[in-house]
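Down below is the structure, laid out as structure tokens.
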Amino acid sequence: MAGPRPVVMSGPSGAGKSTLLKKLLKEFNGVFGFSVSHTTRNPRPGEENGKDYHFVSREVMQTSIAKGEFIESAEFSGNMYGTSKAAVQAVQAQNLICILDIDMQGVKNIKKTDLNPIYVSVQAPSMDILEKRLRDRKTESEESLQKRLHAAKVDVEISKEPGLFDVVIINDDLEAAYGKLKDVLLEEIQKVRDVNKSS
Ligand SMILES: Nc1ncnc2c1ncn2[C@@H]1O[C@H](COP(=O)(O)OP(=O)(O)OP(=O)(O)O)[C@@H](O)[C@H]1O
Ligand SMILES: Nc1nc2c(ncn2[C@@H]2O[C@H](COP(=O)(O)O)[C@@H](O)[C@H]2O)c(=O)[nH]1
């Protein structure tokens, strides 16, 4: 039997993707698994290598990509990011719903594969609120922040493309946004629960 469909979470940096997916992983323990991406950016305080990201050098990442080890990769805000085949396989081997947190270039590249995920775009209510969230998070230099805000404007426009996303969630009130996300994923969640019950 085919496993559950993966979930792609995309949307501007600071819109709340990680916040929402962490809630999902916590509430639905044993249902979802996170696809741990590779990145060349430096870890933020509290981030763990192998859990939040595989933190690697540009050389290591480029070599792995050249060897065909990645499903997709992108340059974002001055750093490389990518989803390895192993990251997705590690989650799917456990029959879990694989969650990918990726940027718009990643979405476009995943569309060319046979992964067949549910595409979710998470957006902030406005650019001003997005900027406030990013500034309050205190993870970015002014340069990185400006790059992310520029990418966010492009993201907001592209995400209007009909059919690109199965759902666009405006993350204003966190609990309301989380409720919408769960509604979209209910069918896949039930599939995993049914399989777990019968095994
Ligand atoms: N609904 C919300 N209301 C207010 N603050 C929020 C809401 N959702 C998330 N935040 C806060 O906004 C900040 C950005 O959220 P988060 O880090 O989840 O964004 P992200 O989309 O994962 O960003 P990135 O792509 O850079 O990883 C965090 O400090 C988070 O606590
Ligand atoms: N195309 C990909 N984009 C990715 C991947 N992992 C994360 N991301 C996106 O990068 C930005 C910035 O992330 P941050 O952790 O530095 O704030 C964000 O939009 C992520 O969705 C990936 O493997 N491929």
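What you see is a predicted model, and the numbers here were worked out from it, not measured in a lab. Starting from 1, each residue takes its place in the sequence as its number.
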Item to complete: Please lay out, stage by stage, how Val88 and Leu115 fare under the test side chain to side chain contact (heavy atoms under 4.5 Å, CB included).
Response: CA-CA 10 Å; Val88 173; Leu115 199 68; 4.0 Å; yes
Worksheet item: Could you walk me through whether Glu131 and Leu149 pass the side chain to side chain contact (heavy atoms under 4.5 Å, CB included) check?
Response: CA-CA 7 Å; Glu131 179 168 352; Leu149 290 176; 3.7 Å; yes
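A donor-acceptor pair shorter than 3.5 Å cannot be found between the side chains of Ser84 and Glu69. A donor atom on one side chain and an acceptor atom on the other are not found under 3.5 Å apart for Asn79 and Glu75. One side chain, Ser121 or Gln123, offers a donor N or O that lies under 3.5 Å from an acceptor on the other. Of the N and O atoms on the side chains of Thr39 and Arg41, not one donor lies less than 3.5 Å from an acceptor on the other residue.
Counting only distance, with no hydrogens or angles, the side chain of Lys23 and the backbone of Tyr178 share no donor-acceptor pair below 3.5 Å. Between the side chain of Asn171 and the main chain of Ala177, no donor-acceptor pair closer than 3.5 Å is present. Using a distance-only test at 3.5 Å, with no hydrogens or angles considered, no donor-acceptor pair links the side chain of Glu157 to the main chain of Lys153. A donor-acceptor pair under 3.5 Å is absent between the side-chain atoms of Ser35 and the main chain of Cys98, judged by distance alone. With hydrogens and angles ignored, the 3.5 Å screen pairs no side-chain donor or acceptor of Arg44 with any backbone N or O of Thr139. A donor-acceptor pair under 3.5 Å is formed between the side chain of Asn109 and the backbone N or O of Gln105. Between the Glu72 side chain and the Ile110 main chain, no donor and acceptor come within less than 3.5 Å of each other. With hydrogens and angles disregarded, a donor-acceptor distance shorter than 3.5 Å links the side chain of Ser159 to the backbone of Val156.
The shortest distance between side-chain heavy atoms of Asp183 and Val167 does not fall below 4.5 Å. A 4.5 Å side-chain heavy-atom check between Phe32 and Val91 finds every atom pair outside the cut-off. Between Val60 and His38, the closest side-chain pair of non-hydrogen atoms is not below 4.5 Å. Counting heavy atoms from C-beta on, the side chains of Lys132 and Asp128 never come closer than 4.5 Å. Side-chain contact check for Phe28 versus Ile189: some heavy-atom pair is nearer than 4.5 Å. Looking at Met104 and Leu164, their side chains come closer than 4.5 Å, going by heavy atoms from C-beta outward. Contact check for Val8 versus Ile118: no side-chain heavy atoms found under the 4.5 Å cut-off. The shortest distance between side-chain heavy atoms of Val120 and Asp166 does not fall below 4.5 Å.
To the nearest 0.5 Å, atoms CG (Leu181) and CG (Leu186) are separated by 11.0 Å. Between the OG atom of Ser64 and the NE2 atom of His54 there is a distance of 10.5 Å, given to the nearest 0.5 Å. Here the straight-line distance linking atom OG1 of Thr40 with atom CZ of Arg58 works out to 4.5 Å at 0.5 Å rounding. Note that CZ of Phe34 and CG of Asp52 are 7.0 Å apart. Values are rounded to the nearest 0.5 Å. Taken from OG1 in Thr83 to CD1 in Ile102, the straight-line distance is 5.5 Å, to the nearest 0.5 Å.
The two residues Arg133 and Ala15 come nearest to each other via the heavy atoms NH1-O, 3.4 Å. Closest of all the heavy-atom pairs between Lys85 and Gly68 is NZ-O, 2.8 Å. For the residue pair Asp155 and Pro12, the shortest heavy atom distance occurs at OD1-CD, 3.5 Å. Of all heavy-atom pairs spanning Gln92 and Pro6, the tightest one is NE2-CG, 3.6 Å. Closest approach of Ser37 to Asp101, counting heavy atoms only: OG-O, 4.4 Å. Closest of all the heavy-atom pairs between Gly16 and Val122 is C-CG1, 4.3 Å.
Exactly one residue among Lys147, Arg148, Arg135 makes a side chain to side chain donor-acceptor pair (under 3.5 Å) with Glu140. That residue is Arg148.
A continuous path of hydrophobic side-chain contacts links Leu24 to Met9 [ILVMFWY only; heavy atoms under 4.5 Å]. Linking Ile, Leu, Val, Met, Phe, Trp and Tyr whenever their side-chain heavy atoms come within less than 4.5 Å puts Val31 and Val36 in one cluster. Hydrophobic clustering, with ILVMFWY side chains joined whenever heavy atoms are under 4.5 angstrom apart, keeps Leu185 apart from Phe165.
The number of heavy atoms from other shown groups lying within 6.0 Å of CG (Asp194) is above 12. Annotation: Glu187, atom CD; neighbour count of heavy atoms from other residues, nucleotides and ligands within 6.0 Å does not exceed 12. Within a 6.0 Å radius of NZ in Lys180, no more than 12 heavy atoms belonging to other residues, nucleotides or ligands are found.
Through side-chain heavy atoms spaced under 4.5 Å, either directly or across other Ile, Leu, Val, Met, Phe, Trp or Tyr residues, Phe55 is tied to Tyr53, Phe76, Tyr81.
Judged as a salt bridge (charged side-chain N to carboxylate O under 4.0 Å, His left out), the pairs with a partner in residues 106-122 (not counting sequence neighbours) are, in order, Lys108-Glu161.
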